[in-house]
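The structure appears right after this line, and notes come after that.
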Amino acid sequence: MKNPILKENIERFESMRHPLSLQAGIKEANRCLLCYDAPCSKACPAGTDPGKFIRQIKFLNFKGAARTIRNNNVLGSVCALICPVEKLCEEQCSALALEDPINIGGLQRFATEYGKHNNLEKNQPGKRTKAKVAIIGAGPAGLSCAAELAKRDYQITVFEKEQKAGGMPAITIPEFRLNQDALNYDIQNVMDLGVEIQFGASISCKEHIEKLKNDGFEAIFIASGLTKALKLPLLNNYQNALSYIQFLSEVKNGQLNIDVENKTVAVIGGGSVAVDSANTAKALGAKKVYLISLESLSELPADDEEVRLAQIMNIVFKSSTQITGIENANNEIIALAGQEVEWETPGNYSPSNAVLVNHTQFKIPVDIVVTAIGTAVADELPKVFEGLQTGAKNCVVANNQFQTNIPGVYAGGDVVNGGATAVEAVSHGKEAADEIDRFCSISGK
Amino acid sequence: MKKVDLSIDFCGVKCENPFFLSSSPVGNHAEMCARAFDAGWGGIVYKTLNIESSFKIVMPSPRLNAYHYNDKRFVGLQNAEQITDRNIADNIEDIKNLKKNYPTKVLVSSIMGFNDDDWRTLAKMSEDAGADMLELNFSCPQMARKDAGHRIGQDFNAVTHFTEVVKKNTNLPVMAKLTPNITDMIPVAQCAKDGGADAIAAINTVRAITDVDINNFTPLPNIHGHSGITGFSGAAVKPIGLRFVSELFNSPTLKLPISAIGGIETWVDALHYLLLGGRTLQVTTAIMRYGYRIVEDLIEGLSDFMIERNILTIDELVGKAAGKLIDPSDFSTRFQVVSQIDENKCIGCGQCFISCQDGGNQAIKFDSETRKAEVDESRCVGCLLCKHVCPVWDCVSHKEVDTQSEKHAAIF
Ligand SMILES: Cc1cc2nc3c(=O)[nH]c(=O)nc-3n(C[C@H](O)[C@H](O)[C@H](O)COP(=O)(O)OP(=O)(O)OC[C@H]3O[C@@H](n4cnc5c(N)ncnc54)[C@H](O)[C@@H]3O)c2cc1C
Ligand SMILES: Cc1cc2nc3c(=O)[nH]c(=O)nc-3n(C[C@H](O)[C@H](O)[C@H](O)COP(=O)(O)O)c2cc1C
Ligand code: SF4
Ligand code: SF4
Ligand code: SF4
């Protein structure tokens with residue numbers, strides 16, 4: 001029942017998850033068992049409630065389905081396209097015991113698009129009568145927290161350093177996985193709730209926080225995500241070595257000034273981000289794209305869907321290998337030297353656990369190198385908030401209620417968990433909103 | 001956002017929405033009914049009451065068999081269940097409590113007697129317990145005695161008589177629930193009206209056999225080696241229900257409000273019944289299959305439809321399609337349709353070809369090379385069999401040709 005992933009779509013940068021027709025949507029919804037205490041609903045981090053919206057589709061209540069999704073998950077259209085469903089809702093689907101799981105992502109898209117194309121009424125704006133809350137970052141976590149609080153009549157201002165809202169999905173996730181329309185629709189729905197977003201507004205020093213306090217903001221939600229791409233020291237200072245953030249965001253903005261067509265590109269990393277970069281390079285016309293990862297093929301942390309796509313795109317997987325050196329000329333890397341690796345202790349995928357295998361050296365000529373080996377929280381964050389407790393990768397330490405060690409300051413999304421999924425960031429935003437609401441109510445704001 | 005009003009007046013009883021449980025196990029006792037009200041149902045027709053001292057009900061077992069069609073499960077349900085097997089005191093207590101806890105919801109007491117006294121007593125007890133209305137069950141097809149249920153519904157004088165007996169002993173509005181197991185429902189409905197009925201509820205279940213066990217040559221449900229022709233309900237009976245409801249509505253003499261029943265699952269089903277004359281809508285089988293929760297989709301789906309069409313009250317829908325039903329002898333034949341296949345949507349399966357060859361007028365050409373179907377308009381008789389078999393829902397359409405002659409005959 002799944003849609004095939006088509007190579008042509010990627011090359012045309014069209015959505016690879018096809019929309020379901022009315023006929024296909026109804027048929028798929030009728031496969032759903034409409035489970036009691038639906039396991040799919042329990043497995044959705046953001047509480048989107050697929051068990052309910054699929055039932056609504058089955059009973060031809062299409063707008064109701066669109067409402068359920070929008071009310072429960074402000075990034076419902078985005079999540080329909082990028083959620084790793086096979087690890088979340090669909091993994092828990094009861095139908096899996098009998099046949100294919102229900103195409104929950106597909107039905108979620110079906111419902112959101114139905115609403116969009118059939119004049120689903122706009123969200124009503126909140127009354128903006130309660131306390132002022134500042135939100136740093138207009139990504140999934142920030143937007144979700146903003147929406148929940150706006151619905152409860154708080155005065156919300158989102159400070160976003162870029163010129164667009166959406167966070168990583170807007171900045172980096174390639175168009176062939178996430179079309180701009182879906183993102184715009186979700187963002188518009190958040191704005192309709194009366195959320196104010198200030199663009200080009202980076203919160204980057206102590207004074208900014210002082211000003212927020214002077215302006216009467218009672219609580220702050222840090223949702224600034226991960227902005228610092230980690231680098232291999234070996235590749236520092238070469239102009240044809242890019243981080244994935246730079247590569248993907250420049251491609252999205254149309255600002256990439258290195259020509260990729262007919263070039264050989266090596267992507268270093270094995271996660272979703274690396275695979276996205278490799279597929280993007282291929283879609284831009286690269287002659288050959290290598291994906292160099294310490295992990296073996298079956299250990300790749302990337303989602304199945306993306307790996308399948310990489311196979312279709314003929315990405316060359318150099319799995320279980322490590323870069324050991326480079327060759328350069330005129331400030332550019334011209335070749336990468338590498339060697340196969342094995343794990344010293346099985347199951348521990350950290351670089352320090354990799355041991356080189358003798359006689360497996362290789363060398364590949366490259367024109368462009370993209371590193372995607374991880375991301376961290378921006379270095380300045382702890383300086384912005386004096387005394388803010390941070391941990392590994394500079395991530396903000398927050399408790400289960402998303403409170404930081406500073407009263408009135410909350411944090412959620414990638415900035416806390418070190419990088420996970422959009423749907424998890426949405427759930428953090430929702431839950432943090434509950435806590436901020438409680439905090440402001442107690443202090444009578 | 002515009003708000004529609006789903007409330008409706010039924011025999012002077014204000015219903016917050018037209019969606020009711022029909023009398024059956026889905027409204028068997030107070031705890032169930034409370035959950036149904038909480039889920040959003042506007043009213044409940046309580047499981048048909050019985051006086052156990054008059055006749056003790058023991059249910060046969062197993063009492064259900066589902067009708068499956070290929071991979072589609074449960075398109076209909078056969079039951080061998082009788083009226084309630086709970087004792088009257090408990091049921092009356094339940095009705096009292098429900099009315100106390102849900103004063104704005106509508107509670108209809110369904111009753112069945114075996115003599116004047118029974119009918120009188122049940123009517124009186126129901127009224128005293130606070131029921132808003134009575135429904136007289138003249139239609140259960142599987143009572144364990146031959147002088148009850150649908151046999152009464154087929155006996156015109158009995159219908160008038162028992163309705164009269166009830167009406168004389170209650171101030172409540174009274175609905176007669178009629179059986180579809182009859183050639184024409186209008187005369188019986190008229191008899192109920194003569195007896196004083198304020199409304200008609202239809203349909204009860206259709207007598208049927210859903211399956212035969214081919215291992216032991218026994219129809220199902222297999223009730224210790226035997227089975228019976230018993231009541232069939234659910235999606236499969238909706239076309240039959242629509243027929244009876246529209247006939248009741250269109251009767252020039254009857255003119256009674258109708259509580260429509262039979263195979264309602266979605267708001268679209270509900271709308272069909274409204275458009276053909278139902279004022280309130282009753283549901284059992286879909287609830288047995290999917291639970292009370294479906295009322296959310298009935299309400300939301302119907303409301304959205306009404307908002308989109310700028311229809312603000314249920315009254316504006318009732319019977320709006322019924323007037324378009326005419327006798328087949330009055331159909332116009334001047335306009336003939338010709339099938340049209342959208343070649344961009346055609347997936348080349350050839351089902352239309354097979355059907356038109358063997359069940360139509362051999363008007364479809366199928367090219368095995370290009371795998372495309374094409375209509376030969378000169379042979380097409382416009383039956384639209386092709387449209388109905390095509391697996392692509394919006395691939396086959398038709399155009400209308402004005403023959404300029406009322407006596408047009410197809411050119412065979
Ligand atoms: C290439 C790529 C592919 C991905 N693929 C998927 C996928 O398929 N499925 C999935 O679920 N997840 C995916 N993710 C992960 C997902 O995008 C993130 O988990 C999610 O966006 C985290 O949301 P967030 O709100 O915490 O942070 P972000 O999305 O990072 O948003 C943070 C926002 O804060 C802004 N900001 C940062 N610093 C400041 C500051 N100082 N002042 C003001 N604003 C600031 C940023 O500009 C940004 O808009 C992917 C990520 C990447 C990079
Ligand atoms: C198991 C079962 C029990 C029923 N019991 C009664 C009953 O006690 N009294 C009654 O008037 N109708 C009874 N009915 C008929 C229903 O109320 C209803 O008229 C019929 O099922 C058609 O509606 P549906 O297709 O929505 O089920 C029963 C139906 C079923 C399936
Ligand atoms: S778990 Fe699967 S079958 Fe059950 S309700 Fe969810 S989608 Fe439907
Ligand atoms: S549905 Fe419930 S009552 Fe009916 S047979 Fe199954 S378990 Fe028993
Ligand atoms: S049945 Fe429909 S899809 Fe199949 S050949 Fe005919 S027109 Fe084409």
Side-chain angles (χ1 to χ4, degrees), chain A residues 1 20-38 41 49-72 94-95 98-100 102 107 110-111 114-125 151 189 192-193, chain B residues 1-4 6 19 35 39-40 68-75 235 263-272 281 283 285-310 342 344-347 349 387 390-396:
Chain A
M1 285 306 289
L20 296 177
S21 64
L22 185 69
Q23 169 170 359
I26 292 174
K27 277 196 179 170
E28 188 63 7
N30 273 285
R31 259 185 1 101
C32 171
L33 309 173
L34 309 183
C35 299
Y36 172 67
D37 201 9
S41 291
D49 206 353
K52 179 170 178 188
F53 76 70
I54 297 173
R55 184 204 82 207
Q56 291 172 307
I57 298 172
K58 146 119 188 147
F59 289 103
L60 309 177
N61 178 13
F62 302 137
K63 278 194 179 167
R67 284 186 196 104
T68 297
I69 296 165
R70 189 173 70 178
N71 292 342
N72 292 336
S94 308
L98 301 167
E99 51 191 39
D100 284 347
I102 306 307
L107 287 171
F110 172 84
Y114 186 90
K116 181 162 67 183
H117 299 307
N118 291 278
N119 298 318
L120 183 66
E121 69 283 352
K122 280 179 187 278
N123 276 331
Q124 290 291 311
K151 283 184 210 168
N189 281 328
D192 289 344
L193 288 166
Chain B
M1 195 185 142
K2 258 183 297 187
K3 263 270 201 244
V4 295
L6 292 187
F19 302 115
R35 282 191 285 115
H68 308 302
Y69 178 70
N70 298 336
D71 67 325
K72 272 276 162 228
R73 310 282 293 176
F74 215 103
V75 292
I264 298 173
E265 285 191 355
T266 69
W267 66 268
V268 180
D269 301 324
L271 181 58
H272 291 167
L281 306 155
V283 182
T285 305
I287 297 173
M288 293 178 75
R289 175 69 182 82
Y290 301 112
Y292 300 129
R293 57 187 174 166
I294 63 169
V295 74
E296 291 171 34
D297 301 312
L298 288 167
I299 291 173
E300 199 173 15
L302 185 62
S303 302
D304 279 335
F305 171 83
M306 290 169 66
I307 290 168
E308 282 163 22
R309 298 299 184 97
N310 204 24
D342 183 337
N344 295 317
K345 290 187 176 149
C346 171
I347 60 170
C349 68
K387 175 186 165 77
C390 180
V392 185
W393 294 358
D394 56 353
C395 169
V396 184

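Below, chain A is the first sequence line, B the second, and so on; all start at residue 1.
- Of the inter-residue distances, the one linking B:Glu265 atom CD with A:Leu60 atom CG reads 9.5 Å to the nearest 0.5 angstrom.
- There is no contact between B:Phe305 and chain A, counting heavy-atom distances below 4.5 Å.
- Within the 4.5 Å cutoff, no side-chain heavy atoms of A:Arg55 are placed close to those of B:Tyr290.
- Taking a cutoff of 4.0 Å between a charged side-chain nitrogen and a carboxylate oxygen, B:Asp297 and A:Lys52 do not qualify as a salt bridge.
- In this structure, A:Tyr36 OH and B:Arg293 CZ are separated by 10.5 Å, a value rounded to the nearest 0.5 Å.
- Within a 6.0 Å sphere centred on CG of A:Asn119, heavy atoms belonging to other residues, nucleotides or ligands number 12 at most.
- Side-chain contact between B:Glu296 and A:Asn61 is absent, with no heavy-atom pair separated by less than 4.5 Å.
- Listed for the A:Gln23 side chain is no donor-acceptor partner under 3.5 Å among the backbone atoms of B:Asp394.
- With a 4.5 Å cut-off on non-hydrogen atoms, B:Glu308 touches chain A through its side chain but not through its backbone.
- One distance of note links CZ of A:Phe59 with CD1 of B:Ile294; it measures 5.5 Å at 0.5 Å rounding.
- No side-chain heavy atom of A:Lys63 sits less than 4.5 Å from a side-chain heavy atom of B:Ile307.
- A pairwise comparison of heavy atoms in B:Trp393 and A:Ile26 identifies CZ3-CD1, 3.8 Å as the closest pair.
- Counting heavy atoms of neighbouring residues, nucleotides and ligands inside a 6.0 Å radius, atom CZ of B:Arg309 does not exceed 12 of them.
- Atom CG of B:Asp304 is separated from atom CZ of A:Phe62 by 11.5 Å, given to the nearest 0.5 angstrom.
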